[in-house]
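In what follows, a structure is listed as structure tokens, so that the remarks can point back to it.
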Amino acid sequence: QVQLVESGGGSVQAGGSLRLSCAASRYTYLMGWFRQAPGKEREGVAAITSSGGRTSYDDSVKGRFTISQDNAKNTLYLQMNSLKPEDTAIYYCAARSGFGGPWFLPRIYSYWGQGTQVTVSS
């Protein structure tokens, strides 16, 4: 089992920044950030492999969001800059123990955090 605890959500005006954190109880091979807005499906935002640090981003956040991790602390981060109202959603971190894909398919992840709300006002 892996426990994931997110923090860092909040409310910000458009153009602002937030940094999300996700503390994991142990190392996992693949970690990702997803978000879900009201009435919409959960969508992948960014993902990273713990071993080599390979990253992937959804086109909607490329150049604005950066995923990173501190393996010594088993902590995942999502730096979000130039936030837009359409980024408003509950953000979840997710973890997968082994190889698998595609990285933005929610069902390949076995472990999920409780979610943290991000609200961007115009």
Derivation of the side-chain contact (heavy atoms from CB on, under 4.5 Å) call for T66 and Y57: CA-CA 8 Å; T66 302; Y57 296 91; 3.8 Å; yes
Treat each ILVMFWY residue as a node, draw an edge where side-chain heavy atoms are under 4.5 Å apart, and state whether [X] and [Y] are in one component.
X: L30; Y: I48; answer: no
X: Y27; Y: F99; answer: no
X: F34; Y: V118; answer: no
X: L83; Y: W33; answer: yes
X: V45; Y: Y111; answer: yes

With a 4.5 Å limit on heavy-atom distance, are the side chains of D87 and M80 in contact?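 No; the side chains remain at least 4.5 Å from each other.
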If you define the side chain from C-beta out and look only at heavy atoms, does anything of S7 sit under 4.5 Å from R19?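 They are not in side-chain contact.
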Between the side chain of [X] and the main-chain N/O of [Y], is any donor-acceptor distance below 3.5 Å?
X: T88; Y: V120; value: yes
X: N71; Y: S50; value: yes
X: T75; Y: K73; value: yes
X: E6; Y: G115; value: yes

Out of curiosity, [X] [atom1] to [Y] [atom2], how far, rounded to the nearest 0.5 Å?
X: L76; Y: S21; atom1: CG; atom2: OG; result: 8.5 Å
X: Q1; Y: S97; atom1: CD; atom2: OG; result: 9.5 Å
X: E43; Y: S60; atom1: CD; atom2: OG; result: 5.5 Å

Within 45° cone and under 6.0 Å: R35 NZ/CZ vs Y92 ring: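 Negative - R35 is either too far from the ring of Y92 or too far off its axis.
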For Y29, does the six-membered ring have the charged nitrogen or CZ of R96 within the cation-pi criterion, i.e. under 6.0 angstrom from the centroid and within 45° of the normal?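 Judged by the rule (NZ or CZ under 6.0 Å from the ring centre, within 45° of its axis), R96 is not positioned above Y29.
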I'd like to know whether T116 forms a side-chain contact (heavy atoms from CB on, under 4.5 Å) with I90, so could you lay out the CA-CA distance, the side-chain angles of the two residues, the decisive distance to 0.1 Å, and finally the verdict. CA-CA 5 Å; T116 185; I90 298 174; 6.0 Å; no
Please report the shortest heavy-atom distance between [X] and [Y], naming the atom on each side.
X: A47; Y: W103; result: CB-CE3, 3.7 Å
X: D58; Y: G44; result: CB-O, 3.5 Å
X: A24; Y: L4; result: CB-CD2, 3.6 Å
X: A14; Y: P85; result: CB-CD, 4.1 Å

Could you walk me through whether W112 and R42 satisfy the side-chain contact (heavy atoms from CB on, under 4.5 Å) test, starting with their C-alpha distance in whole Å, then the side-chain angles of each, then the deciding distance to 0.1 Å, before giving a yes or no? CA-CA 12 Å; W112 291 85; R42 191 168 297 189; 3.3 Å; yes
Step by step, would you call D70 with Y77 a side-chain contact (heavy atoms from CB on, under 4.5 Å)? CA-CA 8 Å; D70 183 336; Y77 302 100; 4.0 Å; yes
Flag for S68-Q79: side-chain donor and acceptor within less than 3.5 Å: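 No.
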Regarding N81 and S17, do their side chains bring together a donor and an acceptor under 3.5 Å, going by distance alone?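 Distance-only check passes for N81 and S17.
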Pair K62 + D59, salt bridge at N-O below 4.0 Å: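 Salt bridge flag = yes for D59 with K62.
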For atom CD of E86, decide whether the heavy atoms of other residues, nucleotides or ligands shown that lie under 6.0 angstrom number more than 12.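 More than 12 within 6.0 Å, yes.
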Between F65 and Y91, what is the ring plane arrangement, given parallel below 30°, perpendicular above 60°, and tilted in between?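 Geometry flag for Y91 against F65: tilted rings.
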